Amino acid sequence: MSTCHQSLITHISWGRIKVTTDGQTCQFKDCKIWWGGAKEWDWRLTGTRHQPGIQPADIEEILEQGIEFMVLTRGMELMLHIVISNKYETLFMHNKHE
């Protein structure tokens, strides 16, 4: 993981995301982005599929960065679901109705 200061999504379209971190631009099909870094997101590592969706293990390394807020997207056509484990239920449900 990078210790850079800022990560910006500079382009997004179907199957293509460009992220610039401290002046360096990378392109991904799927990615994880956090303040100061970005990396390819390989769904196969945790068995992620559109259903049941994003697995708790998919977000572990992002949480380890000490983030305060997390945005999980459901993809371009809202086909990606999110698995909420008991471990993270409070985190995800906190802003559910806002």
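Here the structure is a predicted model, which is why all the values come from computation and not from measurement.
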Exercise for review: Report the distance from atom CD1 of Ile59 to atom CD of Glu64, rounding to the nearest 0.5 Å.
Suggested key: 10.5 Å
**Study point:** Ser7 (side chain) donor-acceptor with Trp34 (main chain) under 3.5 angstrom
**Key:** yes
**Study point:** Approximate separation, where rounding is to 0.5 Å, of Ile62 CD1 and Lys39 NZ
**Key:** 8.0 Å
Review point. Hey, quick one: are Phe28 and Ile12 part of the same hydrophobic cluster, counting side-chain heavy atoms closer than 4.5 Å, chains of contacts allowed?
Key: yes
Check your understanding: Side-chain heavy atoms under 4.5 angstrom apart, residues restricted to Ile, Leu, Val, Met, Phe, Trp, Tyr: same cluster for Trp41 and Val19?
Key -> no
Review point. Do Ile33 and Leu63 sit in the same hydrophobic cluster, where Ile, Leu, Val, Met, Phe, Trp and Tyr count as joined when their side-chain heavy atoms come under 4.5 Å apart?
Key: no
Practice item. Answer yes or no: does atom CG of Leu8 have more than 12 heavy-atom neighbours from other residues, nucleotides or ligands under 6.0 Å? Key: yes
Review point. Does the side chain of Leu80 come within less than 4.5 Å of Trp43's, by heavy atoms?
Key: yes
Review point. If you look at every heavy atom in Lys29 and Glu40, which pair is closest and at what distance?
Key: N-OE2, 3.7 Å
Exercise for review: Flag yes if Ile17 and Met76 sit in one hydrophobic cluster, no otherwise; membership is Ile, Leu, Val, Met, Phe, Trp, Tyr, and two members link when side-chain heavy atoms are under 4.5 Å apart.
Suggested key: no
Practice item. Measure the spacing between CH2 of Trp35 and OG1 of Thr21 and express it to the nearest 0.5 Å. Key: 10.0 Å
Practice item. Enumerate the residue pairs fulfilling side chain to side chain donor-acceptor pair (under 3.5 Å) with a member in residues 47-57, sequence neighbours excluded, ordered by first and then second residue. Key: Thr46-Thr48, Thr48-Asp58, Gln51-His81
**Study point:** Rounded distance (nearest 0.5 Å) linking atom OG1 of Thr73 with atom CD1 of Ile54
**Key:** 6.0 Å
